[in-house]
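Residue indices begin at 1 and follow the sequence shown. Read the numbers this way: they start at 1 and go in the same order the structure lists the ligands and their atoms. Computed over heavy atoms, backbone and side chain alike; hydrogens, waters and symmetry mates excluded.
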Amino acid sequence: MTRTVDDHAAAVAGLLHPLAARPVEPVPVRLAAGRRNATEVRSPADLPAFRNSQMDGYAVRAQSIADVPVTLPVDATVAAGAVAAPLSAGAAMKVMTGAPIPAGADCVVPVEDTTRQPDGHVRIERTRAAGEYVREQGDDVRAGALLVPAETGLRPRHVAALAAVGLTQIEVYRRVRAVVITTGDELTPAGTPLRPGQVYDSNGVALATYLAADGVEVVTVTHAPDEPERLRGLLDDAATRADLVLTSGGISMGDFEVVKATLQPLGGEFGHVAMQPGGPQGLSVLHGIPVLSFPGNPVSTVVSYLVFARPTLRTLAGLDPVAPRTLPLLGELNSTPGKRQFRRGRIAGHGVEPVAGPGSHLIAAMARADVLIDLPADVTAVAAGSDVRVWAL
Ligand SMILES: Nc1nc2c(c(=O)[nH]1)N[C@H]1C(S)=C(S)[C@@H](COP(=O)(O)OP(=O)(O)OC[C@H]3O[C@@H](n4cnc5c(N)ncnc54)[C@H](O)[C@@H]3O)O[C@H]1N2
Ligand code: MOO
């Protein structure tokens, strides 16, 4: 298998496509942002639920204030949340914003255009037409009308509308559940002393953090030594608990490529994608569950995730896609011919400056970067000032 980035991305998207058909579950509306709803939501009620005032002022009949100034008796004061008695003929009723409009009134005069008299009457200085500053029942949405279409990536604005019509729960697709398995006998978790030759396992936490940011539930982050039987056990277990497995390491040309050794005999495809970092890649299906195998170098793992997994996972979650930007390059870059290269860059002013070299072990340098600079496979050199495409890291 030797592929272009686009071909491998399409293969990954195809492998993940069945994850769109996930079970649905109810979630509290206040936790629904960032989820995708399965079925449309129709409003259970009119919104506004009743005719109410848009201003603090006086509810009147427009014909009572056709000639101004005019002085009217004031029936009562109606607060938001109160019930209004009907308006007497030729009178005004003081109303607060959101208070019900009394029957018999058809407009509101804002308090700024009035003067309260010592005897309790109100002098109205300017005229208003029927309907002015009155919010009609159902003018936002009618009971039974569509509030949120099916398959909407829910955002805070949807949550606001759902809460406004009194809903407390919404049916959304269950999050994609992922297991992350890192491999390599040299790895040890952060927090333990390093013995000679050991390295801290950064790919597990890195992948778990990216997955969570992209709407995925990370079921477990675990580590397998370079023993195929142990890895096979973890993969079998993952398949009972997750929709997706991500592995890191153990897929290139060495003597201990545990991921390749375990999954290739089971039909996994392992080969090279024309990119750097992220050249070695593997794709498998185990017990019906997709397994994406990324190379172990820390930058390669992250770049592989961003290029191949993030787009589909964000779509499945109902999150906005990460869109590229085009910026002038502040500096020069060279690139290996025939490979699409993802260099790290930092936005500075109106351009992007390269950060560190191409090495896929430079994970600390990546922390200083905020974008990937995407250099097409046919590019070998980029001059300062040229436009380059960048992706958020
Ligand atoms: N003869 C060849 N050697 C290599 C090739 C090749 O084509 N021919 N490709 C190189 C490229 S490119 C990459 S990328 C790596 C990928 O190798 P693996 O996926 O098998 O990864 P490992 O060998 O297991 O690890 C590589 C490197 O990354 C460190 N590592 C692994 N896992 C983690 C982790 N969870 N956290 C932090 N660091 C990790 C590991 O210690 C190694 O240093 O192969 C090249 N070799
Ligand atoms: O292609 Mo590897 O992923 O550079 O380091």
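Among protein heavy atoms, atom 2 (Mo) of ligand 2 sits closest to Ser300 OG, 3.5 Å. The protein atom (non-hydrogen) at minimum distance from atom 41 (O) of ligand 1 is Glu186 OE2, 2.6 Å. Closest protein heavy atom to atom 3 (O) of ligand 2: Gly278 N, 2.4 Å. Closest to atom 4 (C) of ligand 1 among all protein heavy atoms lies Ser252 OG, 4.1 Å. Taking atom 38 (N) of ligand 1 as the reference point, the nearest protein heavy-atom neighbour is Pro298 CG, 3.7 Å. Protein heavy atom nearest atom 5 (O) of ligand 2, with residue, atom name and distance: Ser360 OG, 2.2 Å. The nearest protein atom to atom 35 (N) of ligand 1, hydrogens excluded, is given as Asp201 OD1, 2.8 Å; this is a heavy-atom distance. Given atom 14 (S) of ligand 1, the protein heavy atom at minimum distance is Asn297 ND2, 3.3 Å.
Considering backbone and side-chain N/O atoms, Pro277 never comes within less than 3.5 Å of an N/O atom of ligand 2. Checking only distances, Gly279 does come within under 3.5 Å of ligand 2, N or O to N or O. Polar contact check, Met253 against ligand 1: no nitrogen or oxygen pair lies under 3.5 Å apart.
A pairwise comparison of heavy atoms in Val141 and Val165 identifies CG1-CG1, 4.3 Å as the closest pair. Across Arg126 and Val109, no two heavy atoms sit closer than the pair O-CG1, 4.3 Å. Of all heavy-atom pairs between Ser300 and Ser304, the closest is O-OG, 2.6 Å.
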Would Glu125 and Thr115 satisfy side-chain hydrogen bond (donor to acceptor under 3.5 Å, both in side chains), going step by step from the backbone distance to the final call? CA-CA 8 Å; Glu125 315 286 353; Thr115 317; 2.9 Å; yes
Test side chain to side chain contact (heavy atoms under 4.5 Å, CB included) on Ser293 and Val259; report intermediate values, then the result. CA-CA 8 Å; Ser293 296; Val259 173; 3.3 Å; yes
Go through Asp201 and Thr182 one step at a time and tell me if the side-chain hydrogen bond (donor to acceptor under 3.5 Å, both in side chains) criterion holds. CA-CA 8 Å; Asp201 181 347; Thr182 61; 2.6 Å; yes
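The residue from Ala206, Gly296, Ser202, Ser304 that puts a heavy atom closest to atom 29 (C) of ligand 1 is Gly296. Counting only non-hydrogen atoms, the option in Gly250, Gly249, Ser293, Pro280 that gets closest to atom 11 (C) of ligand 1 is Pro280. Residue nearest to atom 32 (N) of ligand 1, selected from Asp185, Val259, Val299, Asn203: Asn203 (by heavy-atom distance).
A salt bridge links Arg232 with Asp236: at least one charged nitrogen is closer than 4.0 Å to a carboxylate oxygen. A salt bridge links Asp214 with Arg314: at least one charged nitrogen is closer than 4.0 Å to a carboxylate oxygen. Using a 4.0 Å cut-off between a side-chain N of Lys or Arg and a carboxylate O of Asp or Glu, Arg51 and Glu136 qualify as a salt bridge. Of the charged side-chain nitrogens involved, at least one lies within less than 4.0 Å of a carboxylate oxygen, so that Arg340 and Asp374 count as a salt-bridged pair.
Ligand-side atoms of ligand 1 in range of Val199: 41 (O), range being under 4.0 angstrom from any heavy atom. Contact atoms of ligand 2 toward Asn297: 5 (O) (distance under 4.0 Å to a heavy atom of the residue). Residue Gln276 has at least one heavy-atom neighbour below 4.0 Å for each of these atoms of ligand 2: 4 (O). For ligand 1, the atoms lying closer than 4.0 Å to a non-hydrogen atom of Glu257 are 20 (O). Near Pro295, meaning under 4.0 Å from any of its heavy atoms, are these atoms of ligand 1: 14 (S), 16 (C), 19 (O).
Using 4.0 Å as the threshold, Tyr200 has a heavy atom nearer than that to some atom of ligand 1. Residue Ser300 places a heavy atom less than 4.0 Å from ligand 1. Using 4.0 Å as the threshold, Ser360 has no heavy atom nearer than that to any atom of ligand 1.
For Arg325, the CZ atom counts as loosely surrounded, since its 6.0 Å shell holds 12 or fewer non-hydrogen atoms of other residues, nucleotides or ligands. Residue Arg116 qualifies as enclosed at atom CZ: its count of foreign heavy atoms under 6.0 Å is above 12.
Side-chain heavy atoms closer than 4.5 Å link hydrophobic residues (I, L, V, M, F, W, Y) into clusters, and following such links, even through other members, never connects Val388 to Val355.
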